[in-house]
Amino acid sequence: MVQITVKVDGMQCGMCEAHVNDAIRQAFKVKKVSSSHSKGETVVLAEDDIDEQLIKAVIDKSGYKALSVKKEPYEKKGLFSSFRR
């Protein structure tokens, strides 16, 4: 699983967050997506990697500006995650 953090410019409120989230969900198969206008970012969890240019294009098309994309492997953190090694 991969966690993709996108810095997004132009989100001002909760409705902006929902708009970006919906655009991501419609364009890609994702496990989870959440946006924060106060942090200016959207975090996407997906089973498979998503092309950086495609995710930027979807956000830009929704009326906001994707500034940067950071990708990292994601491992679910839970109560017993420290015992899984």
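For reference, positions follow the sequence shown, starting with 1. Quick caveat: nothing in here was measured; it's all calculated off a predicted structure. Atom set for the values below is all heavy atoms of this structure, side chains included, hydrogens, waters and symmetry mates excluded.
- Here the CD1-OG1 distance, from Ile24 to Thr42, works out to 6.5 Å after rounding to the nearest 0.5 Å.
- Met15 shares a hydrophobic cluster with no other residue; no ILVMFWY side chain has heavy atoms under 4.5 Å from its own.
- The shortest non-hydrogen separation linking Ala23 to Ser62 is CB-CB, 4.0 Å.
- Evaluation of the salt bridge (Lys or Arg N to Asp or Glu O under 4.0 Å) rule for Glu17 yields no partner, not counting sequence neighbours.
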### Intermediate values then yes/no, side chain to side chain contact (heavy atoms under 4.5 Å, CB included), Lys65 and Ile59
CA-CA 7 Å; Lys65 180 70 178 155; Ile59 291 173; over 6 Å; no
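- For Lys71, the side-chain hydrogen bond (donor to acceptor under 3.5 Å, both in side chains) partners are Asp49, not counting sequence neighbours.
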### Task
Might you work through the side chain to side chain contact (heavy atoms under 4.5 Å, CB included) test for Val30 and Ile50, ending with a clear yes or no?
CA-CA 9 Å; Val30 297; Ile50 299 172; 4.1 Å; yes
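- Under a hydrophobic-cluster definition in which Ile, Leu, Val, Met, Phe, Trp and Tyr are linked whenever side-chain heavy atoms come within less than 4.5 Å, directly or via other members, Ile55 and Met1 are assigned to different clusters.
- Glu41 and Val43 make their closest contact through OE2-CG2, 4.0 Å (heavy atoms, listed as atom of the first residue, atom of the second, distance).
- Looking at every heavy atom in both residues, Met11 comes nearest to Ser35 through SD-CB, 4.0 Å.
- Sorted by first and then second residue, the salt bridge (charged side-chain N to carboxylate O under 4.0 Å, His left out) pairs involving residues 29-40 (not counting sequence neighbours) are Lys31-Glu47.
- Considering every non-hydrogen atom in both Gln3 and Leu45, the closest pair reads CB-CD2, 3.6 Å.
- Remark: Lys61 engages no residue in a side-chain hydrogen bond (donor to acceptor under 3.5 Å, both in side chains) (not counting sequence neighbours).
- Hydrophobic cluster membership is shared by Val69 and Val33, with clusters built from Ile, Leu, Val, Met, Phe, Trp and Tyr side chains linked at under 4.5 angstrom.
- Distance check, rounded to the nearest 0.5 Å: NZ of Lys56 to OG of Ser68 gives 7.0 Å.
- For His19, the ring-ring contact (aromatic ring centres under 6.0 Å, His included) partners two or more places apart in sequence, or in a different chain, are Tyr64.
- Two residues are said to be in side-chain contact when any heavy atoms from C-beta on lie closer than 4.5 Å; Val58 and Phe28 meet this criterion.
- Remark: Leu67 CG to Asp60 CG distance equals 8.5 Å, nearest 0.5 Å.
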